[in-house]
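Here is how names work: the chains are called A, B, and so on, in the same order as the sequence lines, proteins then strands, and each is numbered from 1.
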2 protein chains.
Amino acid sequence: MKTILVIEDDLPLARGLVDNLRFEGLLASSAASGEEGLARLREQPADLLLLDLMLPAMSGFDVLRALPSLPAPPRVIVVSARDAEADVVRALDLGAHDYVKKPFGLSELLARVRAQLRGLLGETQADEIVFADVRVSLKRFRLWKRKKESLLSHLEVEMLRLFAAHPDEPLKRSEIIRQAWGEDAYPSERTVDNFVLKLRKKIEDDPARPRHLVTEFGHGYRFCPAG
Amino acid sequence: MKTILVIEDDLPLARGLVDNLRFEGLLASSAASGEEGLARLREQPADLLLLDLMLPAMSGFDVLRALPSLPAPPRVIVVSARDAEADVVRALDLGAHDYVKKPFGLSELLARVRAQLRGLLGETQADEIVFADVRVSLKRFRLWKRKKESLLSHLEVEMLRLFAAHPDEPLKRSEIIRQAWGEDAYPSERTVDNFVLKLRKKIEDDPARPRHLVTEFGHGYRFCPAG
DNA sequence: CGAGCCGTGACATCCGAGTGACACTCCCGC
DNA sequence: GCGGGAGTGTCACTCGGATGTCACGGCTCG
């Protein structure tokens, strides 16, 4: 599913946009300031950003300038009450892909959102995890440890994604299953052990003495990026 | 250099646009009708199309509908005096990437042109794909492997084009269908397998042990130009 | 109506998720 | 320290789903 972030300090408007985007079948969320939005994008890259220009502290232009240094910059539609041509040109040349003037027609905005998302392949979410001497491409289902390449299955990727989202935090097997397998799958808890085994063979120097995927006796497993 | 075609029946306006686009460093030309424009695009693919909606015989909407069947569809900015929201939505959903209402500010239009062309570098619609001992002419629907010639169907070409645009990246069957077949075609996912089979017979030394079109179990297929 | 193309169904084959068995390790009470 | 039971490491095996492959039917176009 495609993800969208709305950066807008007018909360009722933001909520309305998010609701409508969700109704379009998109994974939408909002942030009330540029700083908050950028922090969110750094953690959880989005495919598209709806950006207001008139924000409290950090302006929309500042946000545009900061986007290229993100791990996965989103496409951007600027939504602004500023209708001077100079503002439009400035925003577009700062990297925005489209510019919609307030007040806008909702159906036009949604059509422009569809136009921007069209042709984007797959999900652009965070597609790399890097720690120690290991690099993981979540999009390509591949893992490299010192130039040695391994293939990852769908579930291995989901588990790595989960562990990376909770570094140094013990995760119970039941929690791992719920997050990586989904709400409606109920494999045995020993299945988790098997996947930990497979992952250790791919990311540990000595799989018998793991330093990254550590057993928390009686509680589950813990991911230590630092080792 | 990036190429632009302007389809506009108001000749003075068309000339003005072409001059300004050339001043921007682009290779611009114009056509006075939809038919003429499409013919031009078929001979000489462009990177971007500026399209008027109110054309004499064939309307701009008709042109939009005809674009996908071109060998190399351009990006499209619709430039129109029709300002009803319904027209905007319709044009965007027919595949336009942006919509500018007349009368427009020239600097804004040029900024939108730059925004559309940005990031297109390297994606310029090549009409040849070359890898290993295989050469493909996308325009001629032909493929050569060591002097052995094969004919390609329309969909085979689309799939090759898609794979070539995403080397070494696993593509899901659903994505392949969406990109190669189009948004409104829903063949079975097994259809993709059949086309992979046909392509393998044409590009692999040993189709039973493919090195270029590799299966990613559970994910789809991956194109490895290097083998 | 013949040829080529697209799409589906059927069958064989392959792969990996999940299970269970067995050995080993850890914690706890003695 | 020293069992013992619970928890974990590890592996071989199974089974369902995914894929390879082919053959057939519908379709369009000349």
Rounded to whole Å, please give me the gap between [atom1] in [X] and [atom2] in [N].
X: Leu197(A); N: dT8(D); atom1: CG; atom2: C1'; result: 11 Å
X: Leu155(B); N: dC27(D); atom1: CG; atom2: P; result: 17 Å
X: Glu204(B); N: dG20(D); atom1: CD; atom2: P; result: 12 Å
X: Glu189(B); N: dG17(D); atom1: CD; atom2: C1'; result: 13 Å
X: Glu156(B); N: dG4(C); atom1: CD; atom2: C1'; result: 11 Å
X: His219(A); N: dG7(D); atom1: NE2; atom2: C1'; result: 12 Å
X: Glu216(B); N: dC15(C); atom1: CD; atom2: P; result: 13 Å
X: Phe141(A); N: dC15(C); atom1: CZ; atom2: P; result: 18 Å

Taking all heavy atoms of Arg40(B) and all of Ser29(B), pick out the closest pair and write down the distance.
NH1-OG, 3.4 Å
Closest to side chain of Phe217(B), choosing from dT10(D), dT8(D), dT19(D)
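Of dT10(D), dT8(D), dT19(D), dT19(D) is nearest to the side chain of Phe217(B).
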Can you find a side chain N or O atom of [X] that sits less than 4.0 Å from OP1 or OP2 on [N]?
X: Ser188(A); N: dG20(C); value: no
X: Tyr221(A); N: dG9(D); value: yes
X: Arg190(A); N: dT10(D); value: no
X: Ser153(B); N: dG4(C); value: no
X: Thr215(B); N: dG20(D); value: yes
X: Arg173(B); N: dA18(D); value: no
X: Trp181(A); N: dG18(C); value: yes
X: Lys198(B); N: dC22(D); value: no

Between Tyr99(B) and Arg112(A), a side-chain donor and acceptor under 3.5 Å:
no
Given Glu204(A) and Arg211(A), is the salt bridge (Lys or Arg N to Asp or Glu O under 4.0 Å) satisfied, shown in steps?
CA-CA 7 Å; Glu204(A) 299 286 358; Arg211(A) 298 186 311 128; 5.1 Å; no
Is any side-chain N of the basic residue among Arg222(A) and Glu169(A) closer than 4.0 Å to the acidic one's carboxylate O?
no
Can you confirm whether or not the ring centre of Phe223(A) sits under 6.0 Å from the ring centre of His212(A)?
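Between His212(A) and Phe223(A), which both carry aromatic rings, the centre distance is not below 6.0 Å.
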Just so I know, are the side chains of Leu94(B) and Phe61(B) near enough to count as touching, which here means a heavy-atom distance under 4.5 Å?
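The answer is yes, as the side chains (C-beta and beyond) meet within the 4.5 Å cut-off.
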Are any non-hydrogen side-chain atoms of Leu50(B) and Val76(B) less than 4.5 angstrom apart?
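SC-SC contact between Leu50(B) and Val76(B) ruled out.
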Counting the atoms with a prime plus P, OP1 and OP2 as sugar-phosphate, which does Arg209(A) contact under 4.0 Å by heavy atoms, base, sugar-phosphate, or nothing?
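Nothing, no heavy atom under 4.0 Å.
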By the 4.0 Å heavy-atom rule, please label Leu151(B) as base, sugar-phosphate, or nothing.
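If one applies the 4.0 Å heavy-atom cut-off, Leu151(B) turns out to touch nothing in the nucleic acid.
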Measure distances between side-chain N and O atoms of Asn194(B) and base N and O atoms of dT8(C), and say whether any donor-acceptor pair falls under 3.5 Å.
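Yes.
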The helix from dC1(C)-dG30(D) to dC30(C)-dG1(D): angle between end helix axes, five pairs per end, rounded to 10 degrees
30°
Got a sec, which pairs hit ring-ring contact (aromatic ring centres under 6.0 Å, His included) with one end in residues 146-169 of chain A, sequence neighbours left out?
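Sorted pair list comes back empty.
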